[in-house]
Engineer: 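One structure, pasted below without further comment.
Residue numbers start at 1 and run along the sequence shown.
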Amino acid sequence: MKKRVAIIGAGQVAETVHASYYQTREELELAAVCDPNLERANEFARENGFLAAYDDAKTMFQREAIDIVSICTPNRFHFENVMLALQNGAHVMCEKPPAMTPEEAEQMAGEAASRGLVLAYDFHHRFSNEARFLKKEKARLGDIYVTRAQALRRSGVPGWGTFTNKEIQGGGPLIDIGIHMLDVAMYVLGFPKVKRVMAKSFQKIGTKKSMGSFGSWDPLKFTVEDALFGWIEFENGHILELETSFALHMKENRIFNVSFFGDEAGGTLYPAEIFTDNDGDLEMLKAPGFIEEDSHSASMAAFVEKVLFDRGDVATGEEGLIIQRLVAALYESAEKEACVYL
Ligand SMILES: NC(=O)c1ccc[n+]([C@@H]2O[C@H](COP(=O)([O-])OP(=O)(O)OC[C@H]3O[C@@H](n4cnc5c(N)ncnc54)[C@H](O)[C@@H]3O)[C@@H](O)[C@H]2O)c1
């Protein structure tokens, strides 16, 4: 029997990532889609081959037997929809960030664990070939004592959706894009225990301008940070620096990368390279013969494989909670202008 899939939140990521992956799996039936905008839900169902459309998730679960749900709503609605899906016995793939607060992320992880259901987050960069290569070859770097994670856009304030609204998103570039590089850095490092966190955030461009490379926004309604710079110290004394922005007057249009600095060698994620010196001769190890792989579909595949065959790894509820705690601590530190101990 085919597993019945539903999507809650019929926006762009639902269409380009979730529906388009589910369509490739013959073990799945595209059962229903839900969006408060019923016209949008109907259009999405028609265009992506879903059997039914709803404007209310509770009604959807009352009428449909659903095995798998993707949560693709704005951040504020992740928690209620993940809980609803789990309580209706469905495995869940939730878009990042997990939720708005660590308390919510903790409840979500607990609910999934107590019901024996898969809860996965779409932290897709860790499913890239590059991240897998670095994870596998990490020992070559020796003791990695400094890590730099960057998710920087030069003129990339999102001009669509609700990404500049703190009430609905929980924050700006940190919770939206910085979180991706934070996750992949922590994944490669093996989720070391965090000791303390410091951060400074800025609102210098989003409230002043109304137009950028990603469209226009209302500067009067720009309530998130437009850049945040953070510093995380682990219990082992090593550090992770994080730089993230929607808009920063830098030369490059976009820098999404993680650099790892060890006492034997260093490495970067994009491209995946490891470099060191041999008594003064510089050496470089490049990841062998990469084929451009879509890390989004690798992340979706990992989730579906876990649900159908209980094999492989996903970005789990527990790991999502660790990342959510870090995001909250970085925001708290920036707000209080103080070091936050975890
Ligand atoms: N993993 C990634 O790289 C990635 C990329 C893009 C977006 N995202 C995440 O996906 C989520 C959605 O982003 P998007 O770009 O698709 O946004 P979007 O604005 O295109 O779509 C959001 C959809 O959710 C619907 N919606 C709003 N409130 C809802 C509710 N209470 N219940 C159900 N549906 C509701 C909206 O009507 C809209 O159709 C966000 O959490 C975002 O952070 C992740």
Engineer: Would you check if the side chain of T223 reaches a backbone N or O of T164 as a donor-acceptor pair within less than 3.5 Å?
Structural biologist: yes
Engineer: For H124 and H180, take the angle between the two ring planes, folded into 0 to 90°, and tell me which bin it lands in: parallel under 30, tilted 30 to 60, perpendicular over 60.
Structural biologist: perpendicular
Engineer: Using modelled atom types and a 3.5 Å cut-off, is there a donor and acceptor pairing between side-chain atoms of D143 and backbone atoms of D263?
Structural biologist: no
Engineer: Between S128 and S295, does the side chain to side chain donor-acceptor pair (under 3.5 Å) criterion hold? Intermediate values first, please.
Structural biologist: CA-CA 5 Å; S128 64; S295 59; 5.7 Å; no
Engineer: Would you call R4-E29 a salt bridge at under 4.0 Å N-O?
Structural biologist: yes
Engineer: Measuring only between side-chain heavy atoms, which start at C-beta, is T73 closer than 4.5 Å to H78?
Structural biologist: yes
Engineer: Tell me, which pairs form a salt bridge (Lys or Arg N to Asp or Glu O under 4.0 Å) where one or both residues lie in residues 85-96, sequence neighbours left out?
Structural biologist: K96-D176
Engineer: How far apart are the closest heavy atoms of Y331 and G171, and which atoms are they?
Structural biologist: OH-CA, 3.4 Å
Engineer: Can you tell me if S299 uses its side chain to pair, donor with acceptor, with the backbone of D122 under 3.5 Å?
Structural biologist: no
Engineer: In terms of ring plane angle, is the pair F50 and F44 parallel, tilted or perpendicular, where the classes change at 30° and 60°?
Structural biologist: tilted
Engineer: Taking salt bridge (Lys or Arg N to Asp or Glu O under 4.0 Å) as the cut-off, I'd like each qualifying pair that reaches into residues 307-334, sequence neighbours left out, listed once.
Structural biologist: E106-R325, R126-E319, E305-R311, K306-D310, E332-K336
Engineer: In the structure I gave you, are the side-chain heavy atoms of F234 and L189 within less than 4.5 Å of one another anywhere?
Structural biologist: yes
Engineer: Can you confirm whether more than 12 heavy atoms, excluding those of E235, are under 6.0 Å from its CD atom?
Structural biologist: yes
Engineer: Taking D35 for the side chain and A10 for the main chain, is one N or O donor matched with an acceptor at less than 3.5 Å?
Structural biologist: yes
Engineer: Please check if the number of heavy atoms outside K166 that lie under 6.0 Å from its NZ is greater than 12.
Structural biologist: no
Engineer: I'd like to know whether L242 forms a side-chain contact (heavy atoms from CB on, under 4.5 Å) with L174, so could you lay out the CA-CA distance, the side-chain angles of the two residues, the decisive distance to 0.1 Å, and finally the verdict.
Structural biologist: CA-CA 9 Å; L242 175 74; L174 170 60; 3.5 Å; yes
Engineer: Let's go through T16 and H296 carefully: what are the C-alpha distance in whole Å and the side-chain angles of both, what is the deciding distance for side-chain contact (heavy atoms from CB on, under 4.5 Å) to 0.1 Å, and is it a yes or a no?
Structural biologist: CA-CA 10 Å; T16 56; H296 259 305; over 6 Å; no
Engineer: To the nearest 0.5 Å, what is the distance between CD (Q62) and CG (N88)?
Structural biologist: 8.5 Å
Engineer: Are the side chains of F61 and I8 in contact, using a 4.5 Å heavy-atom criterion?
Structural biologist: yes
Engineer: Using a 4.5 Å cut-off on heavy atoms from C-beta on, say whether the side chain of S210 contacts that of S216.
Structural biologist: no
Engineer: Please check this pair: side chain of N42 against backbone of L38, looking for a donor-acceptor N/O pair closer than 3.5 Å.
Structural biologist: yes
Engineer: What is the distance from atom CG of L117 to atom CG of D67, rounded to the nearest 0.5 Å?
Structural biologist: 10.5 Å
Engineer: Without swapping roles, check the side chain of W217 against the backbone of F222 for a donor-acceptor pair under 3.5 Å.
Structural biologist: no
Engineer: Would you check if the side chain of S333 reaches a backbone N or O of V340 as a donor-acceptor pair within less than 3.5 Å?
Structural biologist: no
Engineer: Can you tell me how far apart OH (Y145) and NE2 (H238) are? Round to the nearest 0.5 Å.
Structural biologist: 9.5 Å
Engineer: Check this for me: does any side-chain nitrogen of one of E43 and R40 sit under 4.0 Å from a carboxylate oxygen of the other?
Structural biologist: yes
Engineer: Ignoring hydrogens, what is the shortest heavy-atom contact between A185 and V258? Give both atom names and the distance.
Structural biologist: CB-CG1, 3.8 Å
Engineer: For K3 and E27, what are the C-alpha separation, side-chain angles and deciding distance, and is it a side-chain contact (heavy atoms from CB on, under 4.5 Å)?
Structural biologist: CA-CA 6 Å; K3 296 273 184 206; E27 306 96 324; 5.9 Å; no
Engineer: Return the minimal non-hydrogen interatomic distance between V188 and K138, and the atom names on each side.
Structural biologist: O-CD, 2.9 Å
Engineer: Other residues, nucleotides and ligands only: do more than 12 of their heavy atoms fall within 6.0 Å of NZ on K135?
Structural biologist: yes
Engineer: Decide if atom CD of E39 counts as having more than 12 heavy atoms of other residues, nucleotides or ligands within a radius under 6.0 Å.
Structural biologist: no
Engineer: Main chain of G170, side chain of R76: is a donor-acceptor contact present, judged purely on distance under 3.5 Å?
Structural biologist: no
Engineer: Between the side chain of S245 and the main-chain N/O of R153, is any donor-acceptor distance below 3.5 Å?
Structural biologist: yes
Engineer: Just do the side chain to side chain donor-acceptor pair (under 3.5 Å) check on Y187 and H125 with the steps written out, would you?
Structural biologist: CA-CA 10 Å; Y187 166 77; H125 287 270; over 6 Å; no
Engineer: Rounded to the nearest 0.5 Å, how far apart are SG of C34 and CD1 of I66?
Structural biologist: 10.0 Å
Engineer: Applying the side-chain hydrogen bond (donor to acceptor under 3.5 Å, both in side chains) criterion to Y21, which one of H18, R25, Q23 satisfies it?
Structural biologist: R25
Engineer: Between CZ of F256 and CD of Q150, what distance do you get to the nearest 0.5 Å?
Structural biologist: 11.0 Å
Engineer: Which atom pair, heavy atoms only, marks the closest approach of A99 to I175?
Structural biologist: O-CD1, 4.1 Å
Engineer: Before giving the answer on side-chain contact (heavy atoms from CB on, under 4.5 Å), spell out for I68 and F303 the whole-Å C-alpha distance, their side-chain angles and the decisive distance to 0.1 Å.
Structural biologist: CA-CA 10 Å; I68 290 175; F303 168 63; 3.6 Å; yes
Engineer: In Å and rounded to the nearest 0.5 Å, what is the CD1 to CE distance from I71 to M83?
Structural biologist: 12.0 Å
Engineer: Is the closest side-chain heavy-atom distance between I179 and T244 below 4.5 Å?
Structural biologist: no
Engineer: Show your reasoning for whether salt bridge (charged side-chain N to carboxylate O under 4.0 Å, His left out) applies to E26 and K2.
Structural biologist: CA-CA 8 Å; E26 57 185 23; K2 290 192 178 194; over 6 Å; no
Engineer: Has N48 got a side-chain atom pairing as donor or acceptor with A19's backbone, closer than 3.5 angstrom?
Structural biologist: no
